[in-house]
Amino acid sequence: MSALRLISNRTSQQALSNSDYTWEYEYYEYGPVSFEGLKAHKYSIVIGFWVGLAVFVIFMFFVLTLLTKTGAPHQDNAEPSEKRLCMNSFVADFGRPLESERVFSRQMAEESRSLFHFCINEVEHLDKTKQTQKGPGLESNIHFQEAPRSSGMFEEDLSCLTKFNIPNFVNTEQNSSLGEDDLLISEPPIILESKSSHHILD
Amino acid sequence: KNISDFSLNVTDCTQVVVPEEVFFTVAAAGILENLLVLIAVIRNKNLHLPMYFFICSLAVSDMLGSLYKTLENIFIILCKMGYLTRRGDFEKKLDDAMDSMFILSLLGSIFSLLAIAADRYITIFYALRYHNIMTLRRALVILAVIWTFCAGSSIAIALFSYEAATVIPFTILFPLMMFFILCLYVHMFLLARSHAKKIASLPTSTVHQRTNMKGAITLTIFLGVFLCCWAPFVLHILLARFCPHNPYCACYMSIFHVNGTLIMCNAIIDPMIFAFRSPELRSTFKKMFCWAR
């Protein structure tokens with residue numbers, strides 16, 4: 001950066017005028033630097049810096065891995081964690097406008113209540129056949145349309161829940177209660193598309 | 001003492017020169033990639049969300065960084081070929097403008113990363129109120145404030161770069177932001193881990209311990225990339241300010257162009273770890289390319 005060259009010009013050569021501003025590609029404006037009598041290797045700062053950086057990154061990685069294995073407890077109460085569990089385990093695909101209109105024409109409280117009931121059902125049904133439970137559970141309570149690919153999704157979702165990928169999800173404006181913790185899934189994230197719902201709720 | 005007389009010892013650290021082809025290739029790749037991200041977000045209405053706006057802001061700052069390097073290279077080539085004088089006022093102003101563009105890019109990157117981390121934090125910990133807290137309008141206001149602040153600071157820093165007072169806050173800002181972002185992500189990570197523990201306690205879950213590693217790897221990649229790409233340059237600024245005549249510092253400063261190339265590599269890597277992780281954005285890309293064909 002040539003601003004730095006300006007700094008060095010002004011600090012090192014006080015007697016010279018300020019017209020010594022040059023478009024140099026090199027940094028030799030710092031003046032002749034004596035390399036005599038160096039105790040350590042001349043690139044010691046470079047090496048030390050990169051080694052330090054690598055050590056820090058690896059240290060950070062090990063600290064994070066240790067956090068996954070040992071217990072630094074972050075105890076939430078059971079209810080939100082159940083909710084989160086449930087949010088993650090269904091895929092609400094609002095791609096078809098007709099269904100989403102039906103969905104969003106209901107009251108929001110009704111939706112969240114039914115969602116919560118769904119969640120409780122979901123937790124209870126976890127030990128039963130997963131795939132078959134998911135379909136009726138969704139449709140009976142919330143009328144959300146399941147994505148066609150959801151047949152293998154439940155298994156995938158459970159394993160996805162255990163992966164922490166930095167949240168990468170798309171959430172719609174009005175579905176705040178639905179978007180809770182689908183963040184923990186990044187492949188695939190829960191995408192709530194509601195093109196028609198935008199103008200319904202506006 | 002004649003400033004143009006540079007008698008250097010044989011053992012001196014000569015400037016490590018990155019070939020111009022490499023420079024331009026890396027810069028062009030960075031600019032193109034981030035431009036694609038911007039276009040994809042603009043074209044797809046589903047992506048008009050606060051989270052994607054912050055990712056766009058990161059893409060813009062990465063583009064500015066790459067653009068700066070490209071322009072600087074072009075001007076240096078023009079200087080060498082004699083089209084521009086080396087000591088003119090116009091060149092001085094141009095150089096100041098480009099320095100401020102670079103600082104703008106750096107500050108924009110830092111604040112965009114901070115905004116992305118804060119957005120994700122709010123999404124996890126204030127999930128029920130997320131859409132009230134982070135409305136689209138508020139996200140745009142936040143972005144406007146961030147970029148105004150960055151623009152003001154970059155112009156101030158470029159104009160007053162000879163003051164120590166500008167260099168020190170600039171270099172303190174960097175680790176502070178890094179630390180803050182790290183704290184946000186670690187807190188989110190702890191929550192995810194406790195969540196995973198709860199799932200593991202369910203009777204029928206098939207939890208693989210190995211999958212928890214993925215979170216650690218993701219976080220390390222995020223912060224590691226940012227550190228490795230920006231820290232060398234920040235250290236360079238510090239050393240240039242405080243020990244320009246020390247031989248060790250001079251040797252470090254001789255790899256300045258490698259540090260610049262690293263910053264442009266950051267512009268290439270950032271979309272991959274932020275933008276392209278979203279399937280929606282990936283599918284938008286595929287549509288764009290298929291349509292182009």
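Every chain is numbered from 1 and lettered A, B, ... according to where its sequence line falls, protein lines coming before strand lines.
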Audit row: A/I58, B/T220, side chain to side chain contact (heavy atoms under 4.5 Å, CB included) steps and yes/no: CA-CA 8 Å; A/I58 291 172; B/T220 314; over 6 Å; no
Which atom of B/P232 lies closest to which atom of A/W50, heavy atoms considered: CG-CZ2, 3.5 Å
Part of A/F62 lying under 4.5 Å from any heavy atom of chain B: neither
Side chain to side chain contact (heavy atoms under 4.5 Å, CB included) between A/I45 and B/C251, worked out: CA-CA 8 Å; A/I45 292 189; B/C251 272; over 6 Å; no
Closest-packed option against chain A by number of heavy-atom pairs under 4.5 Å, given B/C228, B/G224, B/A117: B/C228
Closest-packed option against chain B by number of heavy-atom pairs under 4.5 Å, given A/I47, A/V46, A/V57: A/V46
Part of B/L235 within contact of chain A (heavy atom distance under 4.5 Å): side chain
Where A/S44 and B/Y248 come nearest, the two heavy atoms and their spacing: OG-CD2, 3.3 Å
Residue B/L281 versus chain A: region with a heavy atom under 4.5 Å: neither
Rounded distance [0.5 Å steps], CZ in A/F61 versus CD1 in B/I217: 5.0 Å
Side chain, backbone, both or neither of B/L239 within contact of chain A (heavy atoms, under 4.5 Å): side chain
